[in-house]
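The chains referred to below are lettered A, B, ... by the order of the sequence lines, with proteins before strands, and numbering in each begins at 1. Just so it is clear, the values below take in all heavy atoms, side chains as well, and ignore hydrogens, waters and symmetry mates.
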Amino acid sequence: MSKASTPNHFIKAITSNDLKNGKCDYIYTRFPPEPNGYLHLGHAKSICLNFGLAADLGGKCNLRFDDTNPEKESLEYMEAIRDSVAWLGFEWDKLCHASDYYDHLYGFALELIDKGLAYVDDLNAEQMREYRGTLTDVGRDSPSRSRAPAESRDLFERMRAGEFEEGKLTLRAKIDMGSPNISMRDPIIYRIRFAHHYRAGDKWCIYPMYDFTHCISDALEGITHSLCTLEFQDNRELYDWFLANITIGENLIGEKVGGDAKPMPRQIEFGRSNLEYTVASKRKLIQLVTEGHVNGWDDPRLTTLVGLRRRGYTPASIRNFCAEIGVTKKDSTIDMAVLENAIRQDLEASAKRVFGVLKPLKLIISNYPEGESETFSVKNHPKDDSMGTRELPFSREIYIDQDDFMLEPPAEFFRLGPGREVRLRYGYAVTCNEVIEDDDGNVVELHCTYDPLSAKGKTADGRKIKGIIHWVSAAHAIDAEVRVYDRLYTEPNPGAAEDFISLINPESLQSFPSAKLEPSVLEAKPEDRFQFERVGYFCFDSVDNSEGSVVMNRTVSLRDTWAKVGKK
RNA sequence: UGGGGCGUGGCGAAGUGGUCUAACGCACCGGAUUUUGAUUCCGGCAUUCGAAGGUUCAAAUCCUUCCGCCCCAGCCA
């Protein structure tokens, strides 16, 4: 269930205050991904924050692609990101691209040059690093720093015209090589890149840097609050410097900006959240995918949004998860159980109940007439009658799960064992009389008798039957492949390890190719979600299903206090 | 060792001088209900807020010092 509004946090306090005391007339945020990879849970936090905040305070939020590095970005990524944001359930005011502003950006660069606040530098990358200084030592001025504005302007125009090769020249802001903040030591504004841009094509051979582009894009769009993660705290000084030194005049939505008019956007940083047993860095995700450790970006073991979607996570569960973890100024590590709780909560209320047996064990009811069958009318949800009922076929031969039988069960195992009685959920009580084993001693078949007077949860003599198990009629069952996922890593913080690949959980994907499901599942469509009673929540796979085949992904198990007892 | 941040129970997170022997969620531990060992319900779970001093009638909240952790030296974002 979706929460009506996001909980309070420090950014909401700041923005509400700005609204209250008239610092701004409305809230305008943006979610600014770079289209160089797929979105993951970390992005979901930012998406929910930006879109959620705007929605809560009656404002607007843009989806803006921060596409200033053509060599790493692509249309494929852009479209996947756009689709994931929409899937999460958010509507952007405008879909923008930083590349839409390349002309404006170029103009602002010229303005800085003319004002003597930017210069073309001919230091190469290595020299620039030396001149920049270190964390503890200040930098030195580049020899180009004193270049006359007119000369820089000429050089910059020729950079744009393609007269210089890559790496030869850069445009730098003239700020302070002695600043203790390294971001302020004459940062690069433009670099030469003879690269094809997925949107701008070959129009440009110079591309603006993030720090220059981002703040101006915000200002042009009329963004009031620019929310980003903690590592950009040092960049805020630069963000403010650029906006203080260019003349916007009027932004793209027609507002006067600067001076006594509309104030410049304000950057506010918040902490990242990491999920235990996962990695989120783009580099690591790309490595997992390209080296084949997982099966694509949408592998259900990944916490990419496309992976979570294929796994069966609902948009609402992810939004609730983000609301639950909060927004603060410190980085955090979230327990997997919080994510699992979010999806269980959603699916408990919304998933249709069904019977599915992952590890089938044949059970023959010897006193039930051969060739006959009957159906039980059962509820699709124990507490929600609006979800209707379905017919569940029952016959002499059924499958139960191997986990529901033990040859020598302890007293607290209230399922089936030799001589024990158990109730078939929605059906009869059966008693196990005979256990058939193969030559290797594996239990392959159970012979039972049923009590015809035990339907509807009653027994004729009033005896209580504690154990209840699920089952599927053998003659009516459909075949399915069920994929059960576990955490991708064996360590809570794989990202911190030198070799995160070696920490991959070898049992992260377990397949049950001969699972048996009740026939009603045949009507399922890709992405339909179910609860297999007593087992877990499952989602009809959206990729590997072809005509007549059923592939089910386990989203999450049911809470299992019996498994917990076993561990003690 | 320069600069910027952060430290409240196992994990998150409220709280910004008095109602704090510190909310809430997750996890955990009981117990009740239950034709899912699910769900639901009820109860328990920090005399203490990184540490030490100080201010005050009163501090998690103010001051000082110390300790720990994170980020910054891409022509990445």
Side-chain angles (χ1 to χ4, degrees), chain A residues 7-9 32-34 36 66-69 71-73 121 123-125 128-130 132-139 166-172 179-185 187-193 206-207 209-211 213-214 228-237 269 271-273 276 282 320 323-342 344-345 348-349 353 355 378 381-383 412-415 423-427 429 454 456-458 465-470 492 531-536 557-565:
Chain A
N8 288 322
H9 48 70
E34 182 187 13
N36 69 343
D66 227 332
D67 52 356
T68 56
N69 189 2
E71 284 154 321
K72 288 187 177 169
E73 299 154 3
D121 196 353
L123 247 35
N124 65 32
M128 202 172 293
R129 196 181 324 117
E130 286 165 12
R132 187 155 36 227
T134 67
L135 295 178
T136 49
D137 300 319
V138 297
E166 285 186 13
K168 203 76 186 156
L169 258 31
T170 55
L171 180 69
R172 292 229 259 167
S179 173
N181 180 354
I182 296 178
S183 290
M184 299 300 278
R185 317 235 262 232
I188 292 176
I189 303 178
Y190 269 92
R191 76 284 212 188
I192 300 171
R193 277 296 108 89
I206 55 172
Y207 289 93
M209 299 288 287
Y210 163 83
D211 286 302
T213 307
H214 201 87
C228 63
T229 42
L230 250 31
E231 68 271 26
F232 290 102
Q233 285 176 122
D234 289 343
N235 301 240
R236 188 176 62 236
E237 192 179 354
E269 311 85 14
R272 285 177 187 263
S273 290
E276 282 186 338
K282 272 178 190 158
N320 287 160
E324 207 56 66
I325 64 177
V327 178
T328 66
K329 283 196 82 162
K330 68 182 174 206
D331 290 323
S332 55
T333 304
I334 313 294
D335 196 313
M336 267 288 203
V338 179
L339 217 211
E340 294 182 344
N341 178 63
R344 283 197 186 105
Q345 226 168 55
E348 152 63 24
R353 268 58 169 175
F355 278 170
V378 306
H381 188 109
K383 294 178 180 174
E412 62 274 19
F413 181 82
F414 35 88
R415 303 178 191 177
R423 173 172 292 286
L424 299 174
R425 183 152 159 87
Y426 300 130
S454 64
K456 304 279 181 210
K458 307 273 193 301
I465 300 169
K466 176 75 172 162
I468 297 157
I469 64 174
H470 57 99
Q531 183 195 98
F532 290 3
E533 291 204 48
R534 302 206 317 126
V535 182
S557 69
L558 248 35
R559 278 201 183 80
D560 189 352
T561 47
W562 167 244
K564 220 178 273 176
V565 170

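The closest side-chain heavy-atom distance from Q531(A) to R344(A) is not below 4.5 Å. With a 4.5 Å cut-off on side-chain heavy atoms, Y190(A) and T170(A) do not count as touching. Side-chain atoms of T333(A) and E276(A), non-hydrogen and from C-beta on, do get closer than 4.5 Å to each other. Contact check for R415(A) versus I468(A): no side-chain heavy atoms found under the 4.5 Å cut-off. Contact annotation: the side chain of D211(A) never approaches that of P187(A) to less than 4.5 Å [non-hydrogen atoms, C-beta and beyond]. The closest side-chain heavy-atom distance from Y426(A) to E533(A) is below 4.5 Å. Here the side chains of P32(A) and H214(A) are in contact, with some heavy-atom distance below 4.5 Å.
Closest to the side chain of D335(A), from the set G4(B), A77(B), G10(B), is G10(B). Closest to the side chain of F414(A), from the set U35(B), U34(B), G37(B), is G37(B). If you check G25(B), A77(B), G2(B) against the side chain of E324(A), the one that comes closest is G25(B).
Comparing the C1' positions of C49(B) and G7(B) gives an interatomic distance of 10 Å, to the nearest angstrom. Between the C1' atoms of G17(B) and U56(B), the separation comes to 9 Å (whole Å). Comparing U40(B) with G50(B), their P atoms sit 34 Å apart, to the nearest whole Å. Look at the C1' atom in both C29(B) and U35(B): the space between them is 28 Å, to the nearest Å. Going from the P atom of U61(B) to that of G54(B) covers 14 Å, rounded to whole Å. A distance of about 36 Å separates the C1' atoms of G74(B) and C66(B), rounded to the whole Å. Using C1' as the reference atom, C67(B) and G31(B) are 44 Å apart when rounded to the nearest Å. With P as the reference atom, C70(B) and U65(B) are 23 Å apart, rounded to whole Å.
I465(A) places its CD1 atom 16 Å from the C1' atom of U36(B), with the value rounded to the nearest Å. Going from atom CG of N341(A) over to atom P of G25(B) covers 11 Å, rounded to whole Å. Taking atom CD of residue E269(A) and atom P of nucleotide A77(B), one finds them 18 Å apart after rounding to whole Å. Protein atom CD1 of I325(A) is 11 Å distant from nucleotide atom P of G12(B), rounded to whole Å. D67(A) has its CG atom 14 Å from the C1' atom of C76(B), to the nearest Å. A straight line from NZ of K329(A) to P of C71(B) spans 16 Å, rounded to a whole angstrom. One atom, CG of L230(A), and another, C1' of G4(B), lie 10 Å apart when rounded to the nearest Å. As rounded to whole Å, 16 Å separates atom P of G3(B) from atom CZ of R236(A).
In this structure, D331(A) does not pair ionically with R272(A), as no charged nitrogen and carboxylate oxygen lie closer than 4.0 Å. Salt bridge status for R353(A) with E348(A): present, with a side-chain N to carboxylate O gap under 4.0 Å.
Judged purely by atom type and a 3.5 angstrom limit, R193(A) has no side-chain atom pairing as donor or acceptor with the backbone of N69(A). A donor-acceptor pair is defined here as one N or O able to donate and one able to accept, closer than 3.5 Å; no such pair exists between the side chain of T229(A) and the backbone of E231(A).
Atoms CG and CD1, from D234(A) and I182(A) in turn, are 8.5 Å apart once rounded to the nearest 0.5 Å. Atom CD1 of I188(A) is separated from atom CG of L123(A) by 9.5 Å, given to the nearest 0.5 angstrom.
Look at S273(A) and you won't find any side-chain N or O under 4.0 angstrom from OP1 or OP2 of G12(B). The shortest distance between the side-chain N/O atoms of K330(A) and the OP1/OP2 oxygens of U8(B) is below 4.0 Å. Within the 4.0 Å cut-off from OP1 or OP2 of G37(B), not a single side-chain nitrogen or oxygen of R415(A) is found.
For the pairing with D121(A), the salt bridge (charged side-chain N to carboxylate O under 4.0 Å, His left out) check across K168(A), R132(A), R172(A) returns one residue only, R172(A).
Of the residues near RNA chain B, N235(A) and E276(A), the one whose nearest nucleotide (by heavy atom distance) lies more toward the 5' end is E276(A). Heavy-atom nearest nucleotides on RNA chain B were determined for N69(A) and for A337(A), and the one closer to the 5' end corresponds to A337(A).
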Exercise. Dot-bracket notation for RNA chain B is requested: 5' to 3', Watson-Crick or G-U wobble pairs only, both distances under 3.5 Å, with ( ), [ ], | and . as defined.
Key: .(((((((.[[[..)..(.....]]].(((((.......))))).....[[[[[..)....]]]]])))))).....
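Within the nucleic acid shown, F413(A) comes within 4.0 Å of at least one base atom, counting heavy atoms only. In this structure, E340(A) reaches neither bases nor backbone, as no heavy-atom distance under 4.0 Å exists between it and the strands shown. Within 4.0 Å of T328(A), counting heavy atoms only, lie sugar-phosphate atoms of the nucleic acid but no base atom. Using a 4.0 Å heavy-atom cutoff across all strands shown, Y207(A) reaches no nucleic acid atom at all. Among the heavy atoms of the strands, none lies under 4.0 Å from D137(A).
G74(B) takes the syn form, because its glycosidic angle lies no more than 90° either side of 0.
G37(B) has its base stacked against the ring of W562(A), the centroids being under 5.5 angstrom apart at an interplanar angle below 30°.
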Which atoms of nucleotides 72-75 of chain B (N or O only) lie under 3.5 Å from a protein N or O atom, and what are those distances?
residue : atom : partner : partner atom : Å
A73(B)  : O2'  : R132(A) : NE           : 3.3
G74(B)  : OP2  : R132(A) : NH2          : 3.1
C75(B)  : OP1  : R132(A) : NH2          : 3.3
C75(B)  : OP2  : R132(A) : NH1          : 3.1
C75(B)  : O2'  : R193(A) : NH1          : 3.3
C75(B)  : O2'  : R193(A) : NH2          : 3.0
C75(B)  : O2   : R193(A) : NH2          : 3.2
C75(B)  : N3   : G167(A) : O            : 3.4
C75(B)  : N4   : L123(A) : O            : 3.1
C75(B)  : N4   : A125(A) : N            : 3.2
C75(B)  : N4   : G167(A) : O            : 2.8

What nitrogen or oxygen pairs link the protein and nucleotides 38-41 of chain B at under 3.5 Å?
residue : atom : partner : partner atom : Å
A38(B)  : OP1  : T561(A) : OG1          : 3.0
U39(B)  : OP1  : R559(A) : NH1          : 2.4
U39(B)  : O2'  : E348(A) : OE2          : 2.8
U39(B)  : O2'  : K383(A) : NZ           : 3.0
U39(B)  : O2   : K383(A) : NZ           : 2.7
U40(B)  : O4'  : K383(A) : NZ           : 3.3

